[in-house]
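Inspection log for the structure reproduced underneath, given as structure tokens.
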2 protein chains.
Amino acid sequence: MVKMIEVAKLARVSPSTVSRVLSNSPYVSEETRQRVLEAVKLLEYKPNRLASNLRKMSSKTVVVVLPDITNPFFSKILQGLEDVARENGYHVLLGDTGNSLKLEKDFIDLVRERFVDGLILATARIRKEEILAISQEMPVVLACEYVEGYDIPTVSIDNISAARQATEHLINLGHQRIGFITGPLGVILSRDRLKGYRQALLLHEIPIEEALIQEGDFSVKSGYDIMMKFLAVNPPPTAVFASNDEMAVGAMKAIKHKGMRVPDDVAVIGFDDIPLCTLVEPELTTIAQPKYEIGIQAMEMLLKIIKGEMLVKRQIVLAHQLVVRESCGYNLYRQGGEVETNIHT
Amino acid sequence: MVKMIEVAKLARVSPSTVSRVLSNSPYVSEETRQRVLEAVKLLEYKPNRLASNLRKMSSKTVVVVLPDITNPFFSKILQGLEDVARENGYHVLLGDTGNSLKLEKDFIDLVRERFVDGLILATARIRKEEILAISQEMPVVLACEYVEGYDIPTVSIDNISAARQATEHLINLGHQRIGFITGPLGVILSRDRLKGYRQALLLHEIPIEEALIQEGDFSVKSGYDIMMKFLAVNPPPTAVFASNDEMAVGAMKAIKHKGMRVPDDVAVIGFDDIPLCTLVEPELTTIAQPKYEIGIQAMEMLLKIIKGEMLVKRQIVLAHQLVVRESCGYNLYRQGGEVETNIHT
DNA sequence: GATATCTCTGCAATCGATTTTAATAGACTT
DNA sequence: AAGTCTATTAAAATCGATTGCAGAGATATC
């Protein structure tokens, strides 16, 4: 493997000059610059990043910790994260934890070991206090996840309002018995969505029925199973709000298997707006999260922290949007005026 | 940031001894070992990976180059890749190219710069000869992608046979006019699938009609658009084979929009077996690729190459499987005896 | 003409862990 | 008691690029 000193010899300069040429530093005469570049080309020299990393004490790499890369919600966020990272000369190390606390900690440790310059947490099983401590000693941004009461850099949406809006959409369509499939209640955004659901019912003076609130795990299967339970309740709900789109689709499956129809017999609304929404029948009405944008902003924030810039805003809340499709039925009522009618992705 | 020499001082030993303790080398007395470990704990010492990487000339990291992380096919492969990497103490650097040749080359360069120890190519736009050259100078494994005629480490399925089998499934169900939606013909597996389709028709003496072969781009929309064209042909095909599941779902959409039914009016078969298949209605019959397994084997192969082990097999071809669901209709005919009947993911 | 300023380049230190080589103490042999 | 081993530890070289400092030469300023 050819190294800098060999290039230096060939170009009859010192390694420092080669380094300066390659890092586009000023104060190198045009003539020397050319000679060096020729030598670099001739020897097919590639600087050794491991050496460079050590000297600069930075790998220009960031680790992204998420629970499941095959989940379209997270992969879209990841895409936004990577795009911004790349534009700024950074790389993304994948940290798929599969919800393992141990792995999560291992990935976080990569920052302590200086192997990566920063950390994006799109999932966080570790304790609040630990996250706080970590955020104080190294560059960290929470994407989607967040911690109540602490001032940790975060990019997310307002899950409470969003869930309230989804629920109100159903209420405005005339529904009174609305089932709610929560996400895992261990994560805060699941609790927030539940809170939003409750708020909407309260606001419209609809009694809350605990039998119509069940905890799912974000999987299609859990949506299916819980919907089956709901349909066994007497009388069954006329509408269901699922905390993510996969569970909503599972619920739709259950409804159809029972010989009932969506939205005629039961209306269904989801959350996230993944591509799947427009591929099922009827197309799924849902709350759209700006997934890609969350990624963009989270990485921009992280890079600012890494560069030592002051953050104007440490907590960014992006706008969600109700996307009305077919699974709740049509009505004179229109939310926000805009109705998405895209057929394909 | 506390470094090794400070630990050494506190434990009253030399840095070399600290290093030996931390790397579990023998020839360290139990007493010293304990003293060092205590010092490590007390100072909360974490070895600097950048320094370690330089000295060992390895980052224990591998870059995975793929065209689109949000594509469920690739994200599943990636999961397999990462799982094996992690079990072996390696990390995965994400290389989402968005089909850009420039980015692809940039990621490949990371190996030349010694920033990563190896390379998995799940997409390859660069020229054959270049791939060959690269595979000779650094650890590389092709996953799914492959290069004809050269002996480059590869893990894939037999796309020709798989496509032939899919087509024969339709033929065995009585179809004679079978449309085919190809993938982008720039990638070899698309050409292979087309080849398999042609072989099946030839084998059963069905005339090949060029109007029933159209090039898609693996997107739902292209499947939809091409199916619309097929339905305008007179007479339209009674069955369609799409080179991936997304296009198949797009085709199904088109058929329904025309007021026709799947599989009654037109049978549809896809390729890949992504989770979406069981979520659409009717559920999509398809060819299942062992995505996760491809990832597993590709990474195992790469790590062997990195460790300098000889490969027994340099080209691994994994088994695909026809998964019969609902989109082609039922029939007395059963392929392979096994019929998948899972409802959810 | 002397001094200050600027441009360009080289030397040598540095980043922090790892590893080769050497050294020391004690045990064991003969 | 001298010589040989063995176990353990320290010292020093090393990985390869980067960068602070110094110095040489050229140009500008007074």
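Order of the sequence lines fixes the chain letters, A, B, ..., with proteins taken first and strands second; residue numbering starts at 1 for each chain.
Side-chain contact of A:E300 with A:N88: a donor-acceptor pair under 3.5 Å is absent, judged by distance alone.
As rounded to whole Å, 8 Å separates atom C1' of C:dC15 from atom CG of B:N48. The CZ-C1' distance, from A:R55 to C:dC15, rounds to 6 Å in whole Å. One atom, NZ of A:K9, and another, C1' of D:dG16, lie 13 Å apart when rounded to the nearest Å. Counting to the nearest Å, the C1' atom of D:dT18 and the CD1 atom of A:I5 are 14 Å from each other. When rounded to the nearest whole Å, the span between CG of A:L54 and C1' of C:dA17 equals 8 Å. The nearest whole Å value for the distance from the OH atom in A:Y27 to the C1' atom in C:dT5 is 11 Å. Between B:E113 atom CD and D:dG16 atom C1' there is a gap of 14 Å when expressed in whole angstrom units. The interatomic distance linking B:K56 (NZ) with D:dA13 (C1') rounds to 18 Å, in whole Å.
Among the protein residues, B:S19 comes within range of the nucleic acid bases, having at least one heavy atom under 4.0 Å from a base atom. Looking at heavy-atom distances under 4.0 Å, B:V28 makes contact with sugar-phosphate atoms alone, never a base. B:V18 comes within contact range of no nucleotide atom at all, as no heavy-atom separation falls under 4.0 Å. Counting non-hydrogen atoms under 4.0 angstrom, A:M4 reaches a base of the nucleic acid. Residue contacts for B:R12: at a heavy-atom cut-off of 4.0 Å it reaches the sugar-phosphate backbone alone, with no base atom in range.
Note on B:E38 versus B:K41: no salt bridge recorded, every NZ/NE/NH1/NH2 to OD/OE distance being 4.0 Å or above. The pair A:E113-B:R49 meets the salt-bridge criterion, since a charged nitrogen lies less than 4.0 angstrom from a carboxylate oxygen.
At a cut-off of 3.5 angstrom, counting only N and O atoms as typed in the model, there is a donor on one side and an acceptor on the other between the side-chain of B:R20 and the base of D:dA10. Under 3.5 Å, the side chain of A:S16 and the base of C:dC11 form at least one donor-acceptor pair of N or O atoms. Not a single donor-acceptor pair, N or O on each side, falls under 3.5 Å between the base of D:dA7 and the side chain of B:S29.
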Please lay out, stage by stage, how A:I305 and A:V141 fare under the test side-chain contact (heavy atoms from CB on, under 4.5 Å).
-> CA-CA 9 Å; A:I305 297 175; A:V141 170; 3.9 Å; yes
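If A:E31 and B:V2 are placed on DNA chain C by their nearest nucleotide, the residue sitting closer to the 5' end is A:E31. Place B:E30 and A:A51 on DNA chain D by their nearest nucleotides, and B:E30 ends up nearer the 5' end.
Of the candidate nucleotides C:dA17, D:dA10, C:dC11, D:dA10 has the atom lying nearest to any side-chain atom of B:T17.
Residue A:S52 has no polar side-chain atom (N or O) positioned under 4.0 Å from OP1 or OP2 of D:dA17.
Separating the CG atom in A:D106 from the CZ atom in B:R86 is a distance of 9.0 Å, to the nearest 0.5 Å.
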